[in-house]
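This report concerns only the one structure given below.
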Amino acid sequence: MDELDEHVKETLKQRAMSIEDDIDGDVVFYYGPIFPGVQQKFRDFIEGLRSETEVRTRLIVFLETPGGSAETVEKLVEIIRHHYEDVYFVVPGAAMSAGTIFCMSGDRIYMDYTSSLGPIDPQVFNGRDWVPALGYLEQVERMVDRSARGLLTDAELVILQHQDLAMLSALEQAKTLTISLLKKWLVAYKFKDWNTHESNPALKGQVVTMSEKVTRAEEIATALSDHKIWHSHGRMIGLATLRDQLRLRIEDYSRDVQLRTVIRKYHDLLVEYLVRHDFKQFLHSRSYF
């Protein structure tokens, strides 16, 4: 590693440690897609951080990802929760698709006005490529509906006849898994301290029941997986939409100048370095580069 790389490495370490002091937790940065094969590396990465003398009960996950596999996300969450009681996600840029699913396993999500999550559309491997499950299913459902109304074209009929039923089943299972994971994680972690109603005037101050938490989690999961709302797999959903339309509590650091500055200094330098060196996937902590 040359002198410039050593300088970047040391600077990133100091910036990560500064955030650790501000939010009181171990900081890690996950950059890149979330696909099978990363679990072992991620396990070793987290275990290495935990083996240090200073042991914290909170993990702060910086996440920058285009998405990936819901099954892989589930395994990463199991690894994290084995070691940490509290998990905060910080999204200075974008955590799309499976990245959004990952964030929903956290106790808190930190974003500013430039941050984005995405529709929860997990990707499934079709033997050649990873394809968005919901977008694929939506097109098949559209053709089935057109067929029922006698509007299917010859070209669409050929496409429909060549669909792999096993693949369609895998896509349906991915959709079901995604929604079930969000419901479980939101209730267990994000809503664990939601004890009284705050935003509904008719219920304000009343105790929140477990049934109400489950219903609210299902509403959020269903909305995030509805292509009729977002229209695009790559739609970037900002903080205001998440807060006002989905009524999801987000820790907004837009006006916290000190916190915003340390978060951006860490995130922007690391992402710029990775892009310049064409890294597709990268993990970082104060002790790992």
Side-chain angles (χ1 to χ4, degrees), residues 28-47 59 61-84 87 89-91 93-106 109 116-140 163-186 188-190 217 220-227 230 232-237 271 274 279-284:
V28 299
F29 199 120
Y30 187 109
Y31 175 91
I34 307 171
F35 287 132
V38 73
Q39 297 100 311
Q40 182 175 332
K41 182 178 180 181
F42 189 78
R43 177 202 66 194
D44 295 344
F45 171 66
I46 295 296
E47 287 181 354
L59 183 68
V61 182
F62 276 69
L63 188 59
E64 185 79 24
T65 178
S69 159
E71 291 89 345
T72 304
V73 168
E74 183 178 22
K75 184 53 62 178
L76 300 190
V77 171
E78 289 175 358
I79 292 169
I80 286 173
R81 288 292 177 176
H82 178 79
H83 295 282
Y84 291 93
V87 180
F89 282 86
V90 183
V91 185
M96 306 297 287
S97 190
T100 299
I101 300 171
F102 202 3
C103 287
M104 296 301 159
S105 73
I109 304 171
S116 299
L117 300 182
I120 54 169
D121 193 350
Q123 298 181 50
V124 176
F125 191 63
N126 67 2
R128 299 181 303 276
D129 304 296
W130 288 88
V131 297
L134 300 183
Y136 202 105
L137 286 173
E138 183 181 28
Q139 291 302 313
V140 172
Q163 292 305 306
D164 183 340
L165 295 182
M167 181 62 185
L168 291 177
S169 177
L171 296 172
E172 287 282 4
Q173 289 170 0
K175 176 182 178 180
T176 302
L177 173 63
T178 296
I179 293 176
S180 67
L181 288 177
L182 254 70
K183 287 170 60 178
K184 179 176 74 173
W185 290 338
L186 284 170
Y189 305 121
K190 196 78 171 68
I220 293 171
T222 301
L224 283 172
S225 63
D226 190 346
H227 269 219
W230 313 112
S232 169
H233 172 70
R235 178 78 173 272
M236 291 192 170
I237 307 172
V271 171
L274 298 177
F279 283 101
K280 304 304 181 186
Q281 195 169 59
F282 200 86
L283 297 171
H284 180 264

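Since the structure is predicted, the reported quantities are computational estimates derived from the model, not experimental observations.
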Counting N and O atoms only, with roles assigned by atom type, does the side chain of [X] sit under 3.5 Å from a partner on the main chain of [Y], one being a donor and the other an acceptor?
X	Y	answer
T65	Y31	no
E78	L76	no
S116	A94	no
Q281	P33	yes

Any non-hydrogen side-chain atom of [X] less than 4.5 Å from a side-chain atom of [Y]?
X	Y	answer
V87	W185	no
T100	I237	no
H82	I46	no
T178	S225	no
F42	I79	yes
I80	F102	yes
M104	L181	no
E64	F29	yes

How long is the straight-line distance from [atom2] of [Y] back to [atom1] of [X], given to the nearest 0.5 Å?
X	Y	atom1	atom2	answer
F45	H284	CZ	NE2	8.0 Å
K75	Q40	NZ	CD	12.5 Å
I220	I179	CD1	CD1	13.0 Å

*Evaluate side-chain contact (heavy atoms from CB on, under 4.5 Å) for R235 paired with M96, printing each intermediate quantity in order.*
CA-CA 9 Å; R235 178 78 173 272; M96 306 297 287; 5.8 Å; no
*asked:* So, applying side-chain contact (heavy atoms from CB on, under 4.5 Å) with L186, which one of K184, K183, K190 is it?
replied: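 It is K190, the one option of K184, K183, K190 that forms the side-chain contact (heavy atoms from CB on, under 4.5 Å) with L186.
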*Applying the side-chain contact (heavy atoms from CB on, under 4.5 Å) test to F89, which of L117, L59, V61 qualifies?*
V61
Which pair of heavy atoms, one from [X] and one from [Y], lies closest together, and at what distance?
X	Y	result
V77	S105	CG2-OG, 3.4 Å
Y189	G106	CB-O, 3.9 Å
V91	C103	CG2-SG, 3.7 Å
G67	S97	CA-CB, 4.1 Å
P36	S69	CD-CB, 4.0 Å
A98	G68	CB-N, 3.3 Å

*Would you call the rings of F282 and F279 parallel, tilted or perpendicular if under 30° counts as parallel and over 60° as perpendicular?*
perpendicular
